[in-house]
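What follows is one structure encoded as structure tokens, with my remarks underneath.
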Amino acid sequence: IESVGTDRKAQRIVAALVALAHTLNLSVVAEGVENDAQRNALTVAGCDAAQGYLVSRPLDPRAAKEFLSGLSPAETPSASGERGVSDYST
């Protein structure tokens with residue numbers, strides 16, 4: 001994911017992997033998303049969800065509960081525990 005927002009070849013590889021996963025009826029979660037360029041490129045590629053420092057640094061259980069309680073219902077994870085890539089902003 002590191003170069004997906006800046007490298008066209010990486011972008012094409014990610015788009016192909018996302019398309020393959022979707023063909024198999026799988027959801028795609030990008031791990032390690034750290035900036036808006038990566039998030040935007042993943043959105044264009046059709047990625048379903050993202051996790052990484054763009055969303056939050058690692059949190060202990062108490063801080064995670066506090067973080068999640070501060071989100072509006074529209075911002076909370078779905079029943080599958082995923083949010084769309086475009087749902088995250090810095």
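Only this structure's heavy atoms are used, side chains among them; waters, hydrogens and symmetry mates stay out.
Note on Val44: it does not cluster hydrophobically with Val18, by side-chain heavy-atom contacts below 4.5 Å among ILVMFWY residues. Residue Leu20 is grouped with residue Leu26 when hydrophobic side chains (ILVMFWY) are merged at heavy-atom distances under 4.5 angstrom, including chains of intermediate members. Taking hydrophobic clusters as Ile, Leu, Val, Met, Phe, Trp and Tyr residues chained together by side-chain heavy-atom distances below 4.5 Å, Leu59 shares a cluster with Leu68.
Closest approach of Phe67 and Val55 over heavy atoms only: CZ-O, 3.8 Å. Considering every non-hydrogen atom in both Gln38 and Glu2, the closest pair reads NE2-O, 3.1 Å. Listed here is the closest heavy atom pair of Asp36 and Leu54: OD1-CD1, 4.0 Å. Shown here for Ala10 and Ser3, the closest heavy-atom pair between the two residues is CB-OG, 3.6 Å.
Separating the CD atom in Gln11 from the CG atom in Asn40 is a distance of 10.0 Å, to the nearest 0.5 Å. With rounding to the nearest 0.5 angstrom, the CG atom of Asp60 is 12.5 Å from the NZ atom of Lys65. The CG atom of Leu17 lies 11.0 Å from the NE2 atom of His22; values are rounded to the nearest 0.5 Å.
The closest donor-acceptor contact from the side chain of Asp48 to the backbone of Val29 lies at 3.5 Å or more, if one exists at all.
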